Amino acid sequence: MIETIIFTIFGILCAIWFLLSALTIFLMIKYNGLSVTVWIIIILYGIITLPILISGISATMQSDIDYQSLIPKILIQ
Amino acid sequence: MSLFIHDHTILKVRRHPLTFFMQIIIFLILLSLPSLLDLGLKIIDYPIPDDEIVQYFRKLIGTIYYLYIFLFILYSFFDYFLDVWIVTDRYIIDIEQRALFFRSIVKQEIIRIQDVTAEVRGIIPTLFNYGDVHIQTAGALERIVFHKVPNPNGVVSVVLKTLEEQQKKMGAASPMGH
């Protein structure tokens, strides 16, 4: 249950980020065309953010956190 | 741009790049905040929990935090890059991207210009020679402002020279021959 909630929230935030990024890039291309500057920005943005996104997603997939123990730990702390 | 097929573009300006870089500095500070916070906690010997769960949540929150900071940087560039002011031989065009889905394009005939002034205010604008150009017109929109453009006095000169040339052309084209 906790795992589902965490994955859902993380997934929604990543999806919103992706949507806004795509929209911003799309509008930049629409209004300015695919100039060299726009290409550089797209490539740089992809190079910087995709590894961050992938590392975050892989952290959620690979974790073997005992979610059942989360509630008692949160209550204690 | 298809709006200006028959016009000859004399000048195309954006805001001075320094205005964008100054915003980037703020974002760079925000990017380094988590590391600075970690460093600060280490300096004061605060016991950072080394729990697997804590590290896991740090990674998740860190991912979201960094992704959104870079998104804000992208949006700042988008806002900077899509604000353009164009002087053609017949028109002054003010294109401003006010929000993600709000773009305003104002096109005013150069012959309707009544007054052009340059304004450089502040230490950094004075050192790097950027400022505002205010163009008073006789149109429905009374004033067009070029915000934080490089060499505003140069822009004023170009606008006035273009206006003069347009007035000469119109005078020569007049049926009275004035």
Side-chain angles (χ1 to χ4, degrees), chain A residues 2-3 5-33 35 37-38 40-42 44-74 76-77, chain B residues 1-4 12 14-15 17 20-21 24 27-28 30-31 34-35 47-86 93-105:
Chain A
I2 294 169
E3 194 177 342
I5 293 169
I6 291 168
F7 283 178
T8 306
I9 293 170
F10 182 73
I12 288 171
L13 289 172
C14 285
I16 292 170
W17 168 83
F18 186 81
L19 181 68
L20 289 173
S21 301
L23 268 171
T24 307
I25 289 169
F26 169 73
L27 287 171
M28 223 184 321
I29 295 170
K30 178 180 180 313
Y31 291 131
N32 199 68
S35 64
T37 313
V38 174
I40 291 169
I41 293 301
I42 293 170
L44 272 176
Y45 189 69
I47 287 171
I48 294 169
T49 56
L50 287 178
I52 298 172
L53 180 67
I54 290 166
S55 92
I57 291 171
S58 67
T60 59
M61 308 281 249
Q62 284 166 15
S63 76
D64 50 1
I65 304 287
D66 178 10
Y67 289 96
Q68 301 310 312
S69 68
L70 253 183
I71 296 168
K73 280 197 175 183
I74 290 165
I76 290 163
Q77 283 165 6
Chain B
M1 291 185 190
S2 60
L3 284 174
F4 327 121
K12 184 175 172 182
R14 290 189 167 90
R15 292 202 310 267
F20 172 62
F21 288 128
I24 292 294
F27 287 123
L28 288 175
L30 285 172
L31 279 173
S35 309
I48 301 166
D50 211 9
D51 244 10
E52 200 187 348
I53 291 173
V54 170
Q55 295 307 321
Y56 173 69
F57 278 107
R58 273 170 60 131
K59 195 144 197 188
L60 281 192
I61 293 166
T63 300
I64 297 297
Y65 178 80
Y66 286 120
L67 284 179
Y68 277 86
I69 296 288
F70 281 112
L71 177 62
F72 291 138
I73 293 174
L74 179 70
Y75 180 77
S76 290
F77 177 77
F78 167 83
D79 185 38
Y80 158 78
F81 197 62
L82 293 182
D83 285 355
V84 186
W85 294 276
I86 300 170
I93 301 140
D94 173 1
I95 304 170
E96 284 189 73
Q97 192 74 30
R98 296 180 196 270
L100 197 60
F101 295 109
F102 182 8
R103 186 169 174 81
S104 101
I105 300 176

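Residue numbers start from 1 in every chain, and the chains themselves are labelled A, B, ... in the order their sequence lines are given, proteins ahead of strands. This is a predicted model, so every value here is computed, not measured.
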Open item on the list: Does any backbone or side-chain atom of B/Leu60 lie under 4.5 Å from a heavy atom of chain A? Answer side chain, backbone, both or neither.
Closed with: both
Between [X] and chain B, with a heavy-atom cut-off of 4.5 Å, which part of the residue counts as in contact: side chain, backbone, both or neither?
X       : result
A/Ser55 : both
A/Leu20 : both
A/Leu44 : neither

Distance from [X] atom [atom1] to [Y] atom [atom2], nearest 0.5 Å?
X        : Y       : atom1 : atom2 : value
B/Thr63  : A/Phe10 : OG1   : CZ    : 5.0 Å
B/Ile105 : A/Tyr31 : CD1   : OH    : 7.5 Å
B/Leu67  : A/Phe18 : CG    : CZ    : 11.5 Å
B/Phe78  : A/Ile25 : CZ    : CD1   : 11.0 Å
B/Ile69  : A/Thr49 : CD1   : OG1   : 13.5 Å

Task: Among A/Ile41, A/Ile48, A/Ile9, A/Val38, residue most engaged with chain B (heavy-atom pairs, under 4.5 Å) - done: A/Ile41
Task: Nearest non-hydrogen partners of A/Cys14 and B/Ile64, listed with the distance - done: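 For A/Cys14 and B/Ile64, the tightest heavy-atom pair comes out as SG-CD1, 3.9 Å.
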Task: For the student: nearest non-hydrogen atoms of B/Leu82 and A/Leu27, plus distance - done: CD1-O, 4.3 Å
Side chain proximity check, [X] to [Y], heavy atoms < 4.5 angstrom:
X       : Y        : result
A/Leu23 : B/Phe101 : yes
A/Ile52 : B/Phe70  : yes
B/Leu71 : A/Tyr45  : yes
B/Tyr68 : A/Ile16  : yes

TODO: Take atom CZ of B/Phe21 as the centre, draw a 6.0 Å sphere, and report whether it contains more than 12 heavy atoms from other residues, nucleotides or ligands.
DONE: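 At most 12 heavy atoms, drawn from other residues, nucleotides or ligands, come within 6.0 Å of this atom.
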Open item on the list: I'd like to know whether A/Thr37 forms a side chain to side chain contact (heavy atoms under 4.5 Å, CB included) with B/Phe77, so could you lay out the CA-CA distance, the side-chain angles of the two residues, the decisive distance to 0.1 Å, and finally the verdict.
Closed with: CA-CA 11 Å; A/Thr37 313; B/Phe77 177 77; 3.8 Å; yes
